Protein chains: 2
Amino acid sequence: MEPGDEESSKTIGKKAAKKEAAKQEKLRRRQAAALASAASSLTVEEEDPLAANYGNVPLVDLQSNEEADLSEWTRVGDLNEGLKDKTVLISGRAQTTRAVGKNMAFVVVRQKGFTVQCVVTVQPEVVSRQMVKFVAALSRESIIEVQGVISVPSVPIKGTTQQVEVQVRKLHCISKALPTLPINLEDAARSEKEIEEALQAGEQLVRVNQDTRLNYRVLDMRTPANQGIFHIQSQIGSIFRTFLKSEDFREIHTPKLIAGSSEGGSAVFKLDYKGQAACLAQSPQLHKQMAICGDFERVFEIGPVFRAEDSYTHRHLCEFVGLDVEMEIKRHYFEVMDIVDRLFVSIFDYLNENCKKELEAIRRQYPFEPLKEAGVEVHPHGDLNTEAGKEVKLAAKRVMCESKKEIGAASSTVMALNWCTWAGPTSGIRADAQQLVSELIPNNAFFVQEAGVEVDPFGDLNTEAERKLGQLVLEKYGTEFYILHRYPLAVRPFYPKPCYEDAKYSNSFDVFIRGEEIISGAQRIHVPELLEERAKACGIDVNTISTYIDAFRYGAPPHGGFGVGLERVVMLFCGLNNIRKTSLFPRDPLRLAP
Amino acid sequence: MEPGDEESSKTIGKKAAKKEAAKQEKLRRRQAAALASAASSLTVEEEDPLAANYGNVPLVDLQSNEEADLSEWTRVGDLNEGLKDKTVLISGRAQTTRAVGKNMAFVVVRQKGFTVQCVVTVQPEVVSRQMVKFVAALSRESIIEVQGVISVPSVPIKGTTQQVEVQVRKLHCISKALPTLPINLEDAARSEKEIEEALQAGEQLVRVNQDTRLNYRVLDMRTPANQGIFHIQSQIGSIFRTFLKSEDFREIHTPKLIAGSSEGGSAVFKLDYKGQAACLAQSPQLHKQMAICGDFERVFEIGPVFRAEDSYTHRHLCEFVGLDVEMEIKRHYFEVMDIVDRLFVSIFDYLNENCKKELEAIRRQYPFEPLKEAGVEVHPHGDLNTEAGKEVKLAAKRVMCESKKEIGAASSTVMALNWCTWAGPTSGIRADAQQLVSELIPNNAFFVQEAGVEVDPFGDLNTEAERKLGQLVLEKYGTEFYILHRYPLAVRPFYPKPCYEDAKYSNSFDVFIRGEEIISGAQRIHVPELLEERAKACGIDVNTISTYIDAFRYGAPPHGGFGVGLERVVMLFCGLNNIRKTSLFPRDPLRLAP
């Protein structure tokens, strides 16, 4: 963990957990009382001849012997004026209910983000006063089924997505929610801006904090923003696979239970495996490289990776989804960067074109600017063997040469020079790439003098320095998506190939979005003797990784690859401030539930 | 573990491990000797003016400053007569080398399963005697790059896939393999039949056993059968996703690190999570259901699942890839079975149509009959809202009714009756489905009397009974793919819904291929009180799963789902005899490496 990264200390975390436990106990008592009171109000006071038209469906009826004809149901999102006077059957959640006197009630039904207003009015032979009472007393978020006739009101309906109403004839509750929920959906869906504006108008609205959201994640997940976030997450995985399959990559699954200590370091979860010492893989690194040694040529994997780090930052998790790629190369690690580049252009283009509704839902609660990626127009599924592609490669080469010329002049400001920046077709840097090299000298001086950030030329960039670099690149080149390569060898793991003309550097790169790292990649060492030497130099017991090193003794092609954190991609593409927002059930040093 | 499942005891396993270690030590010594001898034979004896045309490429040259022009390379699989007299650059492995006198050598180059013969002949100004010697001494499986001119021999070339030759002008070794490999590829690629036939002809060929293969997996992976197996595995994941996405399922990622004891039972891997007791998820069961409570409606996940079982069978692993599905239903768990059915028809059809080459490669080493799935023609991406679909559903309903009528007549032979069998459109059972019910009575008698298998009517089917059932279904209905449902409640976990008219049974099902289970599924309990009661009855400490049970208190739709083991699907579709053949780096109680 970078010192500057820390958001909260462990002590604060434990205090918060205690406070939360007390809060939950209080809530449980409140819920029990509300449940008892609700139950009494629902007692059947008198016999109702229309009782068959409403009520709670007993569990046994939810699996009748007869299969349901699924075509009888209409989805809420499909309700429209064309269905006027038709009888429909819908299901969903009772989002809100409202009684108007004793003869009328409204219930808004929500299904997959779409909402419709249902009207229950006393009518002979159809709707009784008891039915109106039943509907008005429904707890929010209960699952209901409604049969009714579609009507089209003369004035627009506020607060629902569908512009028709359902005149209810039957309404049954399939699953009752607790009368008092730990968080209300409208509170959970509120933007910070709304809260601020209300406050200025003298009204205090409920703000649901991140921890409470995660404690009641199944409720939090129902907000439009969260439905959007996890749709985006699902789509990214999908485009990742589709793109790589189209480039002849094979999907693999490597073991998460491994002997020894993964890639070294202390940040591993250890466990006993049938009497053997084992740990959880920190990444599929070793095994994806072994797949390359096994003639798989190009592989990718999507799977969990485990980091036992004590990081309490907005961007670290103890378990996250790794998108991993490994591929044979002929000569140069730019071959890997080409794939990174085209892959992410595909992903961003797809999201911008096909997920407008979801991005808008996220933006309403968490406002963000679209990712800036000015540059060459590249067809997401086209090849780079075009003028654009050549230009990019030329620009990259120029930066490489430029940087090498400067290596002699080592000083405390040299770091940025050696870590020359290369930008893909999304960045618009192309012809200007050379400039960046010289721009980075004053930039590094800026780190030291103005931002007070000490940068070791052979050390890593900390979060603060990364952010400053991101600002500089954005100002100068109008892009928030760029690649920084040739990292100092000392800050990388043991397996990247050292630079051939200066072993203080490595054939490695990181990719940044909005000034934060999302991808790490490199050319790997494919010579077993050098690999062994580097592992030892990094303090790794080579006996624990002997099967990995041996894999290179049977002929190993030059290769490289990269790893991406799925949650980080979602977080940074959507400009969110916390990675816990993009993990369905996040795991950090203090959170192991739900 | 079923008692009948055991293939080898733990003791035998440990003995084998010792023996293997001794074997490896011997091998290492042999390799060192061979390496020394090979090195001496490669010593440059005299200056060679043509030395630039061959040799070992030093590591530094594998990342030149200049990016390679990838378009210069031709893939081995693309070499054909149309390239006659053209100069090509290829790369791949030196599969075999052979010297013919001092002036000529052959080397077969293999790339991604394709092979081509390269001819090195002494030629003034191009190929020296030393170059021929260098090529002849190349160790098998080394990675080489070859430049040469395509020629078309007048007679067909045996033993290579490409019917052209490369007249070599330059040949460089990129990565040397050890001169003596722990397993030879031709041994590893040999079928049992070849070994038997050779034996009858008096020749003893090397048989590489499964354990040795796994110890040197990176070599074993290179055989045509294994390239085929892992291509099939990759494709299954792909079709699984594509099909479910087309049915509006969302891909999710649930945590593998969980508090408490997963779904109960002792077969969990435990670990310390920052001071908290944690374990590895035995499946995404609890979290995928919580995603349904969070309004995700239809979800799937592909990810590792962990089972700490002491199973040494041909079909159990301690870590495997779970394909998991969960979905809202309206009334009946047949809605889930419909998805299972159409999904697997899609998968099988796709593999049969698009992976012919890979299936053939597997079959050559491990002969198998194509999966029998006679039945209705159903378009893999079409809907079941057709006559075919209706027929299937009707057949299923008939079996349900039939079975219920018989429930009164409980006896030791009733099991098969209650576990009525339903078959999808692939099975051809449709109209005959009713028959199976009565056929299963003598079948169960057969288990007890002829096969000597005692079957408890409320117990589980053991492997032997499953196999017998598979035989019966195949004989009677000509299908090896079928579903058995309404399992006794006692043999299922705590979360499936008990049958509404008889709680001794459950709304659950298993799917079988070739008499072995590949899928388990069920309708789930969505009522928190009942769920709590069932968990307690199954001996689970409900405090450890409180966030899961609480998820159902905020309104939960009826839902169901299923889980599939990816490795089992590959194994059974391809009729393989061991699940270790379909896991890239398998984990069993004795194996944690490579």
Side-chain angles (χ1 to χ4, degrees), chain A residues 59-60 62-64 67-68 93 112 141-143 175 177-178 181 218-219 221-222 234 237 250-257 259 269 271 273-274 276 278 287 290 293-295 297 303-304 319 321 330-332 334 500 507 526-527 547 551 553-558 584-585 587 589 592-594, chain B residues 59-60 62-64 67-68 93 112 141-143 175 177-178 181 218-219 221-222 234 237 250-257 259 269 271 273-274 276 278 287 290 293-295 297 303-304 319 321 330-332 334 500 507 526-527 547 551 553-558 584-585 587 589 592-594:
Chain A
L59 181 59
V60 292
L62 290 178
Q63 190 215 336
S64 72
E67 263 189 280
R93 292 191 185 272
K112 200 81 177 176
E141 297 297 301
S142 293
I143 306 279
S175 168
L178 285 173
L181 296 172
V218 296
L219 280 161
M221 276 158 71
R222 299 176 194 168
S234 175
R250 178 184 289 171
E251 184 169 15
I252 57 168
H253 301 281
T254 65
K256 306 308 156 203
L257 287 166
F269 287 108
L271 74 158
Y273 184 90
K274 305 276 168 194
Q276 295 183 67
H287 288 92
M290 287 161 84
C293 294
D295 278 1
E297 214 167 285
E319 178 181 347
V321 179
K330 292 294 180 209
R331 291 288 178 272
H332 203 289
F334 281 7
Y500 86 111
N507 287 357
H526 69 280
V527 178
T547 53
R553 302 191 202 277
Y554 316 134
L584 201 50
F585 297 100
R587 296 292 180 254
L592 188 57
Chain B
L59 182 59
V60 292
L62 290 178
Q63 191 217 335
S64 72
E67 262 189 282
R93 292 191 185 272
K112 201 83 175 175
E141 297 296 301
S142 293
I143 305 278
S175 168
L178 285 174
L181 296 171
V218 295
L219 279 161
M221 276 159 72
R222 299 176 194 169
S234 175
R250 179 183 288 171
E251 184 169 14
I252 58 168
H253 301 281
T254 64
K256 307 307 154 202
L257 287 166
F269 287 107
L271 73 157
Y273 185 91
K274 305 275 166 196
Q276 295 182 66
H287 289 92
M290 287 161 85
C293 295
D295 278 0
E297 215 167 282
E319 177 180 348
V321 179
K330 291 294 179 210
R331 289 289 177 270
H332 202 289
F334 281 7
Y500 86 110
N507 287 357
H526 69 280
V527 178
T547 53
R553 302 191 202 278
Y554 316 133
L584 202 49
F585 297 101
R587 295 292 180 251
L592 187 57

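Computed over heavy atoms, backbone and side chain alike; hydrogens, waters and symmetry mates excluded. Since we're looking at a predicted model, the values are computed, not measured. Just so it is clear: chains get the letters A, B, ... in the order the sequence lines come, proteins before strands, and each one is counted from 1.
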Heavy-atom pairs under 4.5 Å with chain A are the metric here; pick the option from B:Pro557, B:Ala593, B:Pro558 that has the most. B:Pro557
Check against side-chain contact (heavy atoms from CB on, under 4.5 Å), B:Met221 and B:Leu584: CA-CA 8 Å; B:Met221 276 159 72; B:Leu584 202 49; 3.9 Å; yes
For chain A, the option from B:Leu592, B:Ile252, B:Thr254 that forms the most heavy-atom pairs under 4.5 Å: B:Leu592
Among A:His287, A:His526, A:Gln276, who wins on heavy-atom pairs under 4.5 Å with chain B? A:His287
If you count heavy-atom pairs under 4.5 Å between each of A:Ser142, A:Gly303, A:Pro304, A:Gly237 and chain B, which one has the most? A:Pro304
Just verifying a value: how many Å separate A:Lys256 NZ and B:Phe269 CZ, rounded to the nearest 0.5 Å? 15.0 Å
Out of A:Glu141, A:Glu251, A:Lys330, which one racks up the most heavy-atom pairs below 4.5 Å with chain B? A:Lys330
Let me know which of B:Leu181, B:Val218, B:Leu178 forms a side-chain contact (heavy atoms from CB on, under 4.5 Å) with A:Arg553. B:Leu178
Please confirm whether the backbone N or O of B:Leu257 pairs with a side-chain atom of A:Arg587, one donor and one acceptor, at under 3.5 Å? yes
Looking at every non-hydrogen atom in both residues, tell me the closest pair between B:Tyr273 and A:Pro589 and how far apart they are. CE2-O, 4.1 Å
Toward chain B, the part of A:Arg93 with a non-hydrogen atom under 4.5 Å: side chain
